[in-house]
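Have a look at the structure below, then the notes.
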Amino acid sequence: LGYSASMLYVITEGQLAQKRLTGVSNALFPASQQSQAALNAFELQTKAYEDAVTVGDKKLLDVAREKGETAARSLDGIAKMTALRPAELKKIQETGVKLKAYCAGAQAVYTEMASGKMDQMEKAAELAKQSTELKKILASLTQGFTKSLQIEISAIKSASQREQYINGLAFIVVVTISMLMMVIVVGSTIRRIKKTVKQLQDISEGQWDLTARLDGTQKDELGELALCINMFVEKLQDIIRQLSGNSLQLADAFSRLNSS
């Protein structure tokens with residue numbers, strides 16, 4: 001019963017660990033990678049905008065747009081991971097909306113500034129605030145997914161260690177009980193064999209009480225042997241009884257012949 005209970009616990013823990021492992025592989029791990037990719041792409045985007053304005057290189061605006069699209073695709077990929085918690089999905093979707101709004105506004109403002117039109121400073125300052133806020137949000141998302149991933153991996157590792165411990169303990173208990181049962185059974189069998197051999201030796205030496213019987217209640221080969229020996233002794237006892245009776249009759253007849 002204890003072994004069955006331990007196996008049931010191990011199976012249950014294994015199923016939970018498998019479920020957690022599936023969640024890690026299908027959600028947390030890719031979400032952590034995608035959020036980090038979005039953060040990296042967004043940082044490169046803002047730097048490209050700054051460099052485009054500083055050196056007046058419009059090609060950097062295309063680089064910035066591509067990085068912005070990369071960051072948006074990463075967030076969209078995370079938003080499709082239904083295994084994540086609803087609150088996380090909602091935050092990702094909101095961040096994606098903010099990122100796309102930033103990209104649309106930044107592309108227009110920084111394009112004009114890269115052309116030498118510096119009358120967009122107020123809008124650029126507002127975009128700088130938005131970029132700082134987006135970086136904080138993306139960094140927070142990345143840290144959150146990374147921490148959740150570490151927690152899940154630690155939990156799976158702990159569950160695996162518990163399973164190994166319980167399996168080892170159950171194995172030791174089962175082996176110990178099996179050995180004890182083997183010792184008990186073998187010891188009992190040897191004692192019965194020795195008793196049977198001793199009584200057969202007594203019969204062969206003529207020292208055994210013919211009224212004694214072996215224990216034939218066991219439903220096994222030794223029990224059958226004991227019954228056969230008991231039947232043999234009963235027949236032997238009958239024969240001896242008959243011989244004893246015949247001896248008495250002969251002695252009585254001999255006595256009568258002598259008296260006559």
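Below, each value reflects all heavy atoms present in this structure, side chains not excepted, and no hydrogens, waters or symmetry copies.
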Derivation and outcome, side-chain contact (heavy atoms from CB on, under 4.5 Å), residues Leu39 and Ser35: CA-CA 6 Å; Leu39 177 60; Ser35 62; over 6 Å; no
Shortest non-hydrogen separation from [X] to [Y] and the atoms involved:
{"X": "Thr146", "Y": "Ser32", "answer": "OG1-OG, 3.4 Å"}
{"X": "Ala64", "Y": "Ala48", "answer": "CB-CB, 3.7 Å"}
{"X": "Tyr110", "Y": "Ala124", "answer": "OH-O, 4.0 Å"}
{"X": "Ser74", "Y": "Ala38", "answer": "CB-CB, 3.8 Å"}
{"X": "Arg65", "Y": "Asp62", "answer": "NH1-OD1, 2.9 Å"}

Drop me the distance from [X]'s [atom1] to [Y]'s [atom2], to the nearest 0.5 angstrom.
{"X": "Leu60", "Y": "Asp51", "atom1": "CG", "atom2": "CG", "value": "6.0 Å"}
{"X": "Glu94", "Y": "Leu99", "atom1": "CD", "atom2": "CG", "value": "13.5 Å"}
{"X": "Gln45", "Y": "Ser131", "atom1": "CD", "atom2": "OG", "value": "9.0 Å"}
{"X": "Gln93", "Y": "Asp76", "atom1": "CD", "atom2": "CG", "value": "9.5 Å"}

Are the side chain of Ser148 and the backbone N or O of Phe145 linked by a donor-acceptor pair below 3.5 Å?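 No, because the side chain of Ser148 does not come within donor-acceptor range (under 3.5 Å) of the backbone of Phe145.
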Applying a strict under-4.5 Å side-chain criterion to I, L, V, M, F, W and Y, I'd like to know whether [X] and [Y] cluster together.
{"X": "Leu61", "Y": "Val55", "value": "no"}
{"X": "Met179", "Y": "Val186", "value": "no"}
{"X": "Phe29", "Y": "Leu141", "value": "yes"}
{"X": "Ile92", "Y": "Leu149", "value": "yes"}
{"X": "Met121", "Y": "Val109", "value": "yes"}

Under 3.5 Å donor-acceptor pairs involving side-chain atoms of residues 78-86, not counting sequence neighbours:
unit_1: Arg85; atom_1: NH2; unit_2: Glu88; atom_2: OE2; d: 2.8

Can you pull out every salt bridge (charged side-chain N to carboxylate O under 4.0 Å, His left out) where at least one residue sits in residues 120-136? Sequence neighbours excluded, please.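 Found Lys98-Glu133.
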Are the side chains of Lys47 and Lys67 in touch, meaning some heavy atoms are under 4.5 Å apart?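 A side-chain contact is absent here, since even the closest heavy-atom pair is not under 4.5 Å.
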Evaluate side-chain contact (heavy atoms from CB on, under 4.5 Å) for Lys91 paired with Ser140, printing each intermediate quantity in order. CA-CA 11 Å; Lys91 188 173 182 179; Ser140 175; 3.7 Å; yes
Could you walk me through whether Leu138 and Leu75 pass the side-chain contact (heavy atoms from CB on, under 4.5 Å) check? CA-CA 9 Å; Leu138 291 172; Leu75 292 178; 3.9 Å; yes
Taking the inter-plane angle between the rings of Tyr49 and Tyr102 on a 0 to 90° scale, is it parallel (under 30°), tilted (30 to 60°) or perpendicular (over 60°)?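 Aromatic pair Tyr49/Tyr102 classed perpendicular.
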